[in-house]
Novice: 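Dropping a structure here in C-alpha cells format, bear with me for questions.
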Amino acid sequence: MQITFSGAAQEVTGSCHILEVGGRTVMLDCGLFQGRRAESRLKNEILPLPVDRIDAIVLSHAHIDHAGRLPFLVKSGYQGNIHATAATRDLCAIMLADSARIQVKDADFLERRGQEHAEPLYTPDDAAQVLKQMIGLPYDRWFDVVPGVRALFTDAGHILGSASVLLECTEDERTVRLAFSGDIGRKGLAIIRDPKPPQHADVVIMESTYGNRDHVPIDDARRDLGRIVRETAARGGRVIIPAFAVGRVQEIVYDLHALARAGEIPQVPIYVDSPLATSATEIFEMHPECFDRSEDLVRAVDELFHFDLVRYTRDVAESKTLNAMRGPIIIISPSGMAESGRVLHHLAHAASDQRNTILVVGFMAEHTLGRRIVEKRDTLRIFGSHVPLRAHVEILNGYSAHADRTELLEWLDAVKLTSPEATRVMLVHGEPPAQTAFSAALTAKGYHCTVPAPGDRVTL
Ligand SMILES: [Zn+2]
Ligand SMILES: [Zn+2]
C-alpha cells in the first residue's frame, strides 16, 4: 500500500494524491495548480500518471484547486468513475464550465499576443464530460471504490457538499484506515453544518492552510457587517462587496437576511450582480440536506436566499443600470479578488465617493486590485484609468471558510486512532511557514507528523 503526493504538497493548490492498494490506483482530488500563469500552466499539463493506470477518483469538494484538472484528465482519456457528494457534483457543473471558459479565454489571449497556437487546457465540452462520469453519493454511507478500497464521506463543513473521506484499504489481509481531510471548515459557518471528523484513522492526510494562525470569531463578522451597512446607509452611500460567486456570496446574503429580519439593518436594496453567483445560489437551494438545522434562520424561513430586499441580476444591461440608482444600495459581485468581472465597473463608479464603502470579505492575493484596496492606495487603476480611492475601506476577516490552528487541532484529536502516538499525520495544502509551525505543534502533542514534498511516495 502506497500513497504518492502529486499536488498541494508544500503549497495550497493542485490538490492530488495517488493511493495504490492491491494493484489498483485511486486518485484523491484532481485540482488545478494556480498562481503565476506560465509556471502553473506547465504543472497543469503534466499528468501525474498515465490515465490508463487510474482505476477510480474520489473528490473532496468542488473548489477549482481540488476539482479543476478533472476536465483535462477526461480530455486525456480517463473514462472511469469520479465519486463525490451529490452537492459537489452539482457545483462542479457550474464551476468546471466557468473554469473551461477561462481556459479558452486565456488561450485566445496568448494567441493574440503572437505566441504560436495556444491550445486551451480544456474546453466546456470536456467539463461537460466530467459530469457524465461523476457519481453523486450521500454523506455517512460506505461505498465501494475499487476492490480492496471502500470509502465514506463525512461533512467537512467547508463549502456546500464538501467532504472529508475515510478510506478502508485492504491488501494481503491487512487493513489501513486512511482519512483524507479535504479542506476543513469552521464551526458556526453560515448555512452549512460544522465539520464532522472521520473516526479512528491510522493514517491522516490533512490540510494545514492556517496551521500557524487563529481567526476572529464568526459572530463578530455578522455584527460588523450590520454596523457597516448602517453607517454607509446613514451617509447615503453604497456598499460594494467583491466576493467569490460560490459560497461567499451566499453567506453574505444569508447574513444580510438574518440582519434584516432582526431589524439590525435599514431597508436597503441588495443586488447580487453575477450570473455565476445566481446559478450557484440555485444549487444551494437544491441541497437543503446540506443545511445546518441548528441555525435559527435555517429553521425560521423556507427561502434562505430570497427576501424582499434582495435581487439577482443576470444580464449586463441590468447590471449597468445599478450605477444610475440613487440612495443607499448594497452590491455583491465577483470576482472575489476584484481582478475581473462586473465588480470592476461598480468599483470604478463608487471608489471616488467618500460616502461609499468597499467591503473586503476574503483573502486578497498580492498583485490584485483587491490587495491595493486593502492597502488603501491613493488611486486605483481600473479599466486603464486612475480612480482616486476616497470611499471607506472595511475588512472583515471572519468569513474564512478554513479552520484555523485551534480548529485543525480539535479536528485531528477527534480523528486519531487511540492516542496521538498511534496515528501518522501527513500535512498537505499549506505553505511552508504554516506547515512548519503546525508540524511542530503536532509533534509536541505526540503525533508522528511529516510534510511530504511533491512526488514523495510513502508506504502505508
Ligand atoms: Zn476548498
Ligand atoms: Zn483547497
Side-chain angles (χ1 to χ4, degrees), residues 5-17 27-35 40 43-44 57-70 84-85 87-92 94-96 98-99 153-165 179-187 189-197 204-213 215 243-251 276 280 283-284 287 290 334-337 361-363 365 399-405 407-408 411 426-432 434-435 438 451-452 454:
F5 297 87
S6 166
Q10 303 184 355
E11 63 180 318
V12 290
T13 69
S15 179
C16 184
H17 316 297
M27 184 180 270
L28 305 175
D29 281 357
C30 188
L32 201 70
F33 289 99
Q34 294 161 299
S40 313
K43 283 159 93 173
N44 284 325
I57 299 175
V58 179
L59 177 63
S60 67
H61 65 291
H63 274 152
I64 289 303
D65 62 313
H66 296 258
R69 220 151 44 123
L70 287 170
T85 66
T88 292
R89 184 190 55 195
D90 289 343
L91 280 179
C92 277
I94 57 168
M95 295 179 78
L96 296 180
D98 187 61
S99 176
F153 286 129
T154 62
D155 202 324
H158 167 65
I159 61 161
L160 190 84
S162 65
S164 298
V165 192
F180 170 45
S181 70
D183 285 359
I184 303 168
R186 305 185 66 190
K187 282 186 186 158
L189 277 184
I191 311 161
I192 56 172
R193 286 186 293 262
D194 292 352
K196 180 178 173 187
V204 185
I205 301 172
M206 182 177 184
E207 73 120 320
S208 50
T209 318
Y210 289 110
N212 59 346
R213 55 173 275 197
H215 299 317
F244 287 106
V246 181
R248 198 55 45 86
V249 165
Q250 290 76 27
E251 276 171 53
L276 183 62
I283 289 169
F284 271 68
H287 289 283
C290 296
S335 75
M337 297 200 198
V361 291
F363 178 74
Y399 282 102
S400 174
H402 279 277
D404 63 15
R405 173 180 40 194
E407 291 162 328
L408 288 173
W411 185 91
M426 297 161 202
L427 296 183
V428 296
H429 201 289
E431 286 177 348
Q435 296 197 305
F438 195 55
V451 183

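Side chains included, hydrogens not; waters and symmetry mates left out as well; all remaining heavy atoms used. Because the structure is predicted, anything quoted here is derived from the model rather than measured. In each ligand, atom 1 is the first atom listed, and ligand 1 is the first ligand listed.
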Novice: Looking at side-chain heavy atoms only, is the closest gap between Cys92 and Leu59 below 4.5 Å?
Specialist: yes
Novice: How wide is the angle at the Zn ion (ligand 2) spanned by Asp65 OD2 and His429 NE2, rounded to 10 degrees?
Specialist: 90°
Novice: To check your reading of the site, what angle at the Zn ion (ligand 2) do OD2 of Asp183 and NE2 of His66 form, to 10°?
Specialist: 90°
Novice: Tell me yes or no: between the side chains of Gln34 and Thr13, is some donor less than 3.5 Å from an acceptor?
Specialist: no
Novice: Atom CG in Asp29, atom NE2 in His63: separation rounded to 0.5 Å?
Specialist: 12.0 Å
Novice: Any N/O/S atom, backbone or side chain, of His63 lying under 2.8 Å from the Zn ion (ligand 1)?
Specialist: yes
Novice: Centroid-to-centroid, His402 to His429, below 6.0 Å?
Specialist: yes
